[in-house]
Every structure is written in structure tokens, then in C-alpha cells.
Amino acid sequence: MRTANPTALQVLMNHIYELHKGVRHMVLFTCNKKYSEQTIRRLESQDIPYLLQPAGQQNLNVYFGRRECLEAIRLIVTRPLNELTPEEDFILGAMLGYNICAQCERFCKRKSRSQGQCDGQCISRN
């Protein structure tokens, strides 16, 4: 009898599937540290390059995908994600394939806020 995988590992397997199908070139997978060994084992068994970054006390950020993307991540993500500059945050989101319009809006809000110019309504909608 097969035991059920925790939801986190099911999400990981879906990300790996999308990577193999070419839907993504890079993934950021955040999981509880208790799944780190299983995550690493799965990635290594499929010869998928990865980077690990602590995310608080209980979690781990696992970046995986194309080597050239991970090399850029090594240079950009040198501290916790909440400490990234608006520019670094934008580049990371774009690399992860997040909605580019949403990333532009997020960038403008973060940039304006960092310069003391944002009241939370940075983008006017006509």
C-alpha cells in the first residue's frame, strides 16, 4: 500500500512536471523544512539543479530549474526576499513567470513606497 504524499510534495511534483514540459524555466518552491530531504532527493534523482535559501525558522525556499536562471538567482537573491530592492523583486518575479503587468504594478508601488511617495494608490485606473 502506498502512503499519501503531503500536499507540499504534491505541489513539488506538479512544479517538476511543468519544468519538464517547458511551462516553466525556473520555480520557487517554499516548503516546511521537514520536507527538505525529500525535496532534495526528488530533485537530485531527476538531475534538476537547485538552490536552497532559509525562509524564516520553519520554511525553506527551493529555487530549481535551468542552470542559467539559477546563476542569475545566486547574484540577485543574496538576502531574504522581503529585503530585496524593488528592482530585484521585479526581476525575480519576471524570471519566475509571474504576470508581468502585476509585477509592473508591484514594482511601482514598492518603488514609490521606498521613496516615500506612495499612499497605497500609486496607480490611477481610468
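Index from 1, following the sequence.
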For this session: Would you give the length of the straight line joining atom CZ of Arg110 to atom CZ of Arg106, rounded to the nearest 0.5 angstrom?
Result: 5.5 Å

Donor-acceptor pairs are to be reported for all side-chain atoms of residues 95-103 against protein atoms at under 3.5 Å, with residues two or more places apart or in another chain.
residue : atom : partner : partner atom : Å
Asn99   : OD1  : Cys101  : N            : 2.9
Asn99   : OD1  : Ala102  : N            : 2.7

For this session: Is it possible for you to say whether Ile76 and Leu81 belong to one hydrophobic cluster, with membership spreading through side-chain heavy-atom contacts below 4.5 Å?
Result: yes

Enumerate donor-acceptor pairs with a distance under 3.5 Å from any side-chain N or O in residues 44-52 to protein atoms, sequence neighbours excluded.
residue : atom : partner : partner atom : Å
Glu44   : OE2  : Tyr50   : OH           : 2.6
Ser45   : OG   : Arg41   : O            : 3.4
Ser45   : OG   : Arg42   : O            : 2.8
Gln46   : OE1  : His20   : NE2          : 2.7

Exercise. CG of Leu84 to CD1 of Ile91: how many Å apart, nearest 0.5 Å?
Worked result: 10.0 Å

Problem set entry | Listed once per pair and sorted, the salt bridge (charged side-chain N to carboxylate O under 4.0 Å, His left out) pairs that draw on residues 50-59, sequence neighbours left out | none

Exercise. Taking only residues at least two apart or on different chains, which pairs with a member in residues 60-93 satisfy ring pair (Phe, Tyr, Trp, His ring centres under 6.0 Å)?
Worked result: Phe90-Phe107

Exercise. Can you tell me how far OG1 of Thr39 sits from NZ of Lys33, rounded to the nearest 0.5 angstrom?
Worked result: 13.0 Å

Exercise. Given the rule that I, L, V, M, F, W and Y join up when any side-chain heavy atoms are under 4.5 Å apart, are Ile16 and Leu70 in one cluster?
Worked result: no

For this session: Decide whether Leu19 and Leu28 are clustered together by the hydrophobic rule: side chain heavy atoms of Ile, Leu, Val, Met, Phe, Trp, Tyr closer than 4.5 Å, transitively.
Result: no

Seminar exercise, completed: Residue pairs passing the salt bridge (charged side-chain N to carboxylate O under 4.0 Å, His left out) test with at least one member in residues 60-84, sequence neighbours excluded, are Arg66-Glu68, Glu71-Arg74, Arg79-Glu88

Under 3.5 Å, side-chain donor or acceptor atoms of residues 55-62 against the rest of the protein: list the pairs with distances, not counting sequence neighbours.
residue : atom : partner : partner atom : Å
Asn61   : OD1  : Thr30   : OG1          : 2.6
Asn61   : ND2  : Gln53   : OE1          : 3.4

For this session: Could you give me the CA-CA distance, side-chain angles and deciding distance for Val27 and Glu18, then say whether side chain to side chain contact (heavy atoms under 4.5 Å, CB included) is met?
Result: CA-CA 9 Å; Val27 174; Glu18 289 178 346; 5.9 Å; no

For this session: Kindly work out whether a path of hydrophobic side-chain contacts (I/L/V/M/F/W/Y, heavy atoms less than 4.5 Å apart) joins Phe29 to Val77.
Result: no

